[in-house]
Amino acid sequence: MKGFLKQLKEGILDNNPVLVQLLGMCPTLATTTELKNAIGMGLAATAVLICSNLFISLLRKFIPQQVRIAAYIVIISGFVTAVELLMQAYFFSLYQALGLFIPLIVVNCIILARAEAFASKNKPLPSLLDGVAMGLGFTFALCILAFVRELLGAGKILGMPIPVYSENPMVIFILPAGAFMTLGFIIAVVQKIRNSVADKARLAEIEELRHGHHDEAALTEENQTETEEVNV
Amino acid sequence: MEKTKNHAVWSAAVIGLKLLLICAIIAGIVSFVYALTHDTYLKNQEGQKAEAIGKIFSLDAPVTKKLAETVYEVYSADGKTLLGYCVEVVESSGYNGDITMMVGYDTDKRVSGVEIVSHSETPGLGSKVESDGYRSQFIGTDKELTYEEIDGISGATFSSKAVLAGVNKATAALTAALKTNGGAN
């Protein structure tokens with residue numbers, strides 16, 4: 001359980017696939033014009049990621065090294081197709097809203113990267129949990145971006161317009177240029193937080209070492225005087 | 001020498017067979033999901049079109065009769081009174097892909113309503129073609145319009161022009177269908 005919480009924290013914050021690893025930028029930028037679409041895209045990709053990680057991990061000893069990329073693509077596209085068919089039947093309006101980007105989940109770098117870096121080298125349960133963690137991280141990044149873009153660019157939250165602003169919002173935010181700008185700012189904020197956390201940890205380390213040195217220095221001085229006495 | 005060559009061929013064959021097996025399993029899974037979901041998907045599509053016709057004619061259950069490809073006569077729920085026509089258009093010149101719409105006409109062959117069934121235009125911009133203000137411009141016309149004759153949506157020229165093109169195509173299709181088939185009129 002503790003290990004899973006650590007994996008979860010890594011997937012969402014420390015090693016977020018979009019905001020830290022900078023993977024899967026294309027669907028991130030394209031599907032975040034509305035929060036509703038971002039949630040749908042994130043969850044669909046998470047479903048595929050979990051299934052593909054699990055499947056690839058189960059088959060990791062069976063898939064020959066020479067054709068592993070081909071095998072991964074077949075498995076991933078199979079699950080994406082299955083998810084698309086299920087959406088066509090049970091989530092029709094979301095399917096229409098996401099349109100072309102559902103099949104594009106096949107070439108979402110995150111899924112291929114996790115298959116190669118994790119699922120092919122780990123047991124099924126950790127791989128499944130990695131799929132959950134990375135998928136939730138992806139969804140989290142999409143939601144932050146979509147929330148900002150929909151709010152500033154259309155004056156709406158989840159489709160509901162806010163009073164004064166929605167009549168004349170800053171349209172650039174729902175256009176591609178705004179997507180890049182917003183994403184850039186969010187990544188900058190994330191890096192700032194990561195650096196300050198890392199800085200604090202390093203400062204604490206240095207403090208500890210310094211205290212350690214003082215004690216050491218005191219000991220060495222005592223030793224030196226002792227040795228001098230002996231020598232004399 | 002011979003033994004190593006055979007071994008190389010055999011390992012290549014094994015790799016190929018393993019890949020084949022993986023593909024077969026995946027194909028099986030996909031086929032299963034397809035069989036499970038296909039009927040519901042078709043129902044969803046039909047349901048959307050019926051909903052669009054219902055909105056235009058303010059009816060819960062309009063009865064339609066096919067006049068020509070994509071052109072339908074619309075009757076009242078009891079099937080006796082001809083209320084008008086509707087034409088289904090899939091316009092491919094949208095900014096971000098196809099725009100599927102349903103154009104309704106009254107018995108005088110004037111546009112009585114335009115419903116956007118599905119589109120993938122930019123939310124907040126091109127998606128404004130769904131607004132009442134934009135769509136109601138087409139009501140009452142019985143000929144093809146030019147872009148100058150309507151108010152496009154500022155910042156969404158492609159989407160506006162696409163819907164206009166769709167409506168024009170619908171009008172042309174209706175005129176052609178009535179000429180060849182005569183219909184109830």
Side-chain angles (χ1 to χ4, degrees), chain A residues 30-37 51-52 55-56 59 62-68 70-93 95-101 146 149-150 152-156 159 161 166 169-176, chain B residues 8 10-49 51-52 90 94-100 116-128 130-131 153-156:
Chain A
T31 58
T32 49
T33 48
E34 278 179 12
L35 186 54
K36 186 181 59 148
N37 292 351
C51 293
S52 75
F55 214 65
I56 290 172
L59 292 177
F62 178 73
I63 298 174
Q65 273 293 97
Q66 298 91 326
V67 293
R68 67 185 192 283
Y72 298 159
I73 297 283
V74 168
I75 293 169
I76 295 170
S77 54
F79 283 117
V80 170
T81 311
V83 164
E84 184 177 20
L85 291 171
L86 289 167
M87 284 178 86
Q88 282 176 347
Y90 304 117
F91 297 100
F92 194 55
S93 49
Y95 163 73
Q96 288 185 314
L98 291 177
L100 181 61
F101 288 96
R149 288 182 72 195
E150 193 181 7
L152 294 178
K156 296 184 185 165
S166 59
M170 291 184 269
V171 173
I172 191 171
F173 280 98
I174 51 177
L175 296 177
Chain B
W10 177 239
S11 2
V14 165
I15 291 174
L17 284 169
K18 283 186 176 176
L19 197 53
L20 180 65
L21 186 59
I22 295 173
C23 293
I25 297 176
I26 295 291
I29 296 177
V30 172
S31 311
F32 172 67
V33 177
Y34 179 82
L36 195 68
T37 59
H38 195 63
D39 286 333
T40 318
Y41 175 44
L42 289 175
K43 265 194 219 125
N44 284 341
Q45 286 183 312
E46 286 309 311
Q48 245 195 354
K49 288 187 200 146
E51 206 188 306
V90 179
Y95 182 67
N96 228 357
D98 291 344
I99 303 179
T100 310
I116 310 290
V117 175
S118 74
H119 70 88
S120 20
E121 306 301 277
T122 314
L125 265 188
S127 65
K128 286 192 183 151
E130 288 178 316
S131 67
I153 296 167
S154 54

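What you see is a predicted model; the values in this text were computed from it and never measured. A, B, ... follow the sequence lines: proteins, then strands. Residue 1 opens every chain.
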More than 12 heavy atoms of other groups within 6.0 Å of A:Lys36 NZ: no
Find the one option among A:Ile63, A:Ile75, A:Asn37 whose heavy-atom pairs under 4.5 Å with chain B are most numerous. A:Ile75
Would you say the side chain of B:Leu125 lies within less than 4.5 Å of the side chain of A:Leu175, judging by non-hydrogen atoms? yes
Atom CG of B:Asp98 and atom CD of A:Gln96: how far apart are they, to the nearest 0.5 Å? 11.5 Å
Inspect the surroundings of OH in A:Tyr90 and state if more than 12 heavy atoms from other residues, nucleotides or ligands are less than 6.0 Å away. yes
CD1/B:Ile26 to CZ/A:Phe79 distance, rounded to the nearest 0.5 angstrom? 5.0 Å
Whatever's closer than 4.5 Å to a heavy atom in chain A on B:Gln48 counts as side chain
One should read off an interatomic distance between A:Tyr72 OH and B:Ile22 CD1, to the nearest 0.5 angstrom, of 9.5 Å
Of all heavy-atom pairs between B:Val30 and A:Gly78, which one has the smallest distance, and what is that distance? CG2-O, 3.5 Å
Cut-off 4.5 Å, heavy atoms of chain B, and the answer for A:Gln88 is both
Measuring heavy-atom distances to chain A, does B:Leu21 have an atom under 4.5 Å in its side chain, in its backbone, in both, or in neither? side chain
Looking at chain A, which one of B:Thr40, B:Asp39, B:Leu42 has the largest number of heavy-atom pairs inside 4.5 Å, strictly under? B:Thr40
Nearest 0.5 Å please: distance from the CD1 atom of B:Ile15 over to the CD atom of A:Gln65. 10.0 Å
In short, B:Ile29 meets A:Phe55 closest at the heavy-atom pair CD1-CZ, 4.3 Å
Are more than 12 heavy atoms from other residues, nucleotides or ligands located less than 6.0 Å from atom OH of B:Tyr34? no
Less than 4.5 Å to any heavy atom of chain B: does that hold for the side chain of A:Val171, its backbone, both, or neither? side chain
Contact class of B:Leu19 relative to chain A, heavy atoms under 4.5 angstrom: side chain
What part of B:His119 is in contact with chain A, defined as an atom under 4.5 angstrom from a non-hydrogen atom: side chain, backbone, both or neither? backbone
Might you work through the side-chain contact (heavy atoms from CB on, under 4.5 Å) test for A:Thr81 and B:Val33, ending with a clear yes or no? CA-CA 9 Å; A:Thr81 311; B:Val33 177; over 6 Å; no
Honestly, the part of A:Glu34 sitting under 4.5 Å from a heavy atom of chain B is side chain
Give, for atom CZ of A:Phe92 and atom OG of B:Ser118, the distance between the pair rounded to the nearest 0.5 Å. 7.0 Å
